[in-house]
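Each chain gets a letter, A, B and so on, in the order the sequences are listed, and its residues count up from 1.
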Protein chains: 2
Amino acid sequence: MATIRDVARKAGVSVATVSRALNDKGYVHEDTRKAINEAIKELNYKPNEVARSLYKKKSRLIGLLLPDIRNPFFPELARGVEDIMQESGYRLIIGNADEKPEKENDYIQTFIQNNVIGIISASHTEKKHYKHLTCPVVFLDRTSEPFPSVFADGYSGGKMAVREIIRRGSKRITLLRGPIEVKTAQDRFKGALDELCRANVDFNVMTMASFAYHDASKCAKEIFEKFPDTDGVIASNDIAAAAILHEAIRKGKLIPNDLQIIGFDDIPLSGLLFPPLSTIKQPAYEMGREAAKLLIKLINNEPIQNQMIQMPVTFIERQTTRKVEENG
Amino acid sequence: MATIRDVARKAGVSVATVSRALNDKGYVHEDTRKAINEAIKELNYKPNEVARSLYKKKSRLIGLLLPDIRNPFFPELARGVEDIMQESGYRLIIGNADEKPEKENDYIQTFIQNNVIGIISASHTEKKHYKHLTCPVVFLDRTSEPFPSVFADGYSGGKMAVREIIRRGSKRITLLRGPIEVKTAQDRFKGALDELCRANVDFNVMTMASFAYHDASKCAKEIFEKFPDTDGVIASNDIAAAAILHEAIRKGKLIPNDLQIIGFDDIPLSGLLFPPLSTIKQPAYEMGREAAKLLIKLINNEPIQNQMIQMPVTFIERQTTRKVEENG
DNA sequence: CCTGAATATGTAATCGGTTACATATGAGGG
DNA sequence: CCCTCATATGTAACCGATTACATATTCAGG
């Protein structure tokens, strides 16, 4: 690999001049610049980011912390982040925290040790890991008070799901509650619960241990045993909804006539289920983009009007809910 | 952030001694070591990876290049890579090449500029990008001749799919062919084609423009128009299979009685479809792990017995194929 | 008591950039 | 003609680690 010294030698100038030419800082004569550019081309010189980063104490890397790459919701977020960062010349170090505080902390340390210029975290289990960081941090999907965040309006989403399922005729509703430790899941739950209390319907609540399909599946079986007359399920996410849907079909229920189901997230899977799943959509890709834009503003010290960006959710009507016209 | 100099000062020794203590190199007196460790703890010192990397010309970062994080197959690979790398103390920079040669090259440059110690690429569009790299490269899922690779046995997979579908009674088979530029898709196709030729059945071939659901969906409609009497479809991947399945159900076909479908990949989605999709499984997570292990060996200059690791595929029998007993 | 190896530690160069500061030249104003 | 300022470039310190080499001490063996 050619270094800046090689370029300087070839162009017959000092390294300082080359550096100035590279960064468009200070004065460089037009002829000199031309000579330098030629030398750069001939030597196929690329500046060493590591050296630059060491002096500047800032790299062009962004740390992105996800709880689980395999949950399709997160790659969607990641893709949004990646697209914006790529455009702006930043690169991503991605970490998989696996919902484990030590792994999370390990990655944060790695990020810091590599001079990342900012961090986006969709996985904060413990606030203290972030408290003393000197680089800007944006939380994505999950929130943590003093920090800027981008998240979907889960509370409204929960309410929306209940309103839609009731409007379409469910009378005995089962509400799935996501893992207690996942705050966004609790927001949805809270919204749904409030709306259920306001409405004139019977309902049950069932809490899931995790978002894993396996747990959801177990939960599904339990629902049909304990509450066989349920005619509407609000799931805590689409994976859970898929499990319920599966189990219902196995039991010979007609969807949506015997049972309506509404999920949450709108992952790519949802439209491919049969019947396609009605769900509350979180704009994951857009959320990723917004988080990236917010972080870039923070990095550039631009003024922020709003550092808690709440994204709207929407009801995606597919075929696990009845058509509104079909019922009263 | 505390530096090695702060530690040295606090412990009353020179930086060289601290460095030796940190890296377990050369002689360090037990008492000195203790004092240093204390200083490190008190100052909460973490070595600066950037400085280390500058001197050593090697970081602890691995570049992982994916064609598309949103295709669930790739996060699965990534997770396998990540788990192994994490264990061995390496970290990942992930890039999304989007099947675009310039983006691919951009990322490779970034990797190099950040002193990555190795690269795993699941996205080689042009061999020349990799030719002159000085760090080890492993290809994952796709192969490129002189380079070490980990990939699934697509050819056998294709044969296997045909054998299984015929064994279960399909007589008029439609074979979907994946995008020409994706070599692994062509391997599957080739395997399936060879086996179809050998068998005593009618068949058609239809080529897909891309693996996107949208294209697959269009393709599905076309199949049922052009070849209405098809009673078995070998899809080029599970996304395509899902599209076919969807369309078939919409047309009122009974699956698997009227039509059998076999996919390829076994992404998490596949088991959640209705009916659950029979498919040829690629061990994606394992492939990621193997690629990571192979790269680590290359990094450590360990002897490699086999640098083309072909992973076996397996037939996952779910419910888009008939039970073997049910037919002759 | 002397010598050489093992142990223990320090000094300073180095990695490849950036930049503060010094220096040099030429143009324009008084 | 001198002074000042804009332009152009070079010198060397610096970022925070690693390590080659030098130096100092201790101890065993002859």
B:Tyr285 six-ring centre to B:Arg79 NZ/CZ under 6.0 Å and within 45° of normal
no

If I take atom CZ in residue A:Arg20 and atom P in nucleotide C:dG17, what distance separates them, rounded to the nearest angstrom?
16 Å

The salt bridge (charged side-chain N to carboxylate O under 4.0 Å, His left out) partner of B:Arg142 among B:Glu99, B:Glu104, B:Glu181, B:Glu126 is B:Glu99

Check whether B:Asn300 reaches the backbone of B:Glu302 with its side chain - one donor and one acceptor, N or O, closer than 3.5 Å.
no

Using a cut-off of less than 4.0 Å, is there contact between a side-chain N or O of A:Thr17 and OP1 or OP2 of D:dG10?
yes

Considering non-hydrogen atoms only, spot the tightest contact between B:Phe211 and B:Val182 and give its length.
CE1-CG1, 4.4 Å

So, does B:Asp98 use its side chain to make a donor-acceptor pair with the main chain of B:Lys100 at under 3.5 Å?
no

Distance-only, no hydrogens or angles: does the A:Asp83 side chain make a donor-acceptor pair with backbone N or O of A:Gly80 under 3.5 Å?
no

Return yes if some donor-acceptor pair links the side-chain N/O of A:Ser88 with the main-chain N/O of A:Tyr90 below 3.5 Å, else return no.
no

Output a table of nitrogen or oxygen pairs between the protein and nucleotides 22-27 of chain C separated by less than 3.5 Å.
none

Check whether B:Glu82 reaches the backbone of A:Asn96 with its side chain - one donor and one acceptor, N or O, closer than 3.5 Å.
yes

Taking all non-hydrogen atoms of both residues, which atom of B:Met287 and which atom of B:Ala152 are closest, and how far apart?
CE-N, 3.7 Å

Listed in order of residue number, which residues of residues 22-37 of chain B have a non-hydrogen atom at under 4.0 Å from DNA chain D?
B:Asn23, B:Lys25

Using a cut-off of under 3.5 Å, enumerate the N/O to N/O pairs linking the protein to nucleotides 14-16 of chain D.
from   : atom 1 : to      : atom 2 : distance (Å)
D:dC15 : O2     : A:Tyr55 : N      : 3.4
D:dG16 : OP1    : A:Lys57 : NZ     : 3.0
D:dG16 : N7     : B:Arg5  : NH2    : 3.4
D:dG16 : N2     : B:Ala51 : O      : 3.3

Backbone N/O of B:Ser149 and side chain of B:Thr143: donor-acceptor pair under 3.5 Å:
no

Could you state the atom-to-atom distance from CG of A:Asn115 to P of C:dG17 in whole Å?
16 Å

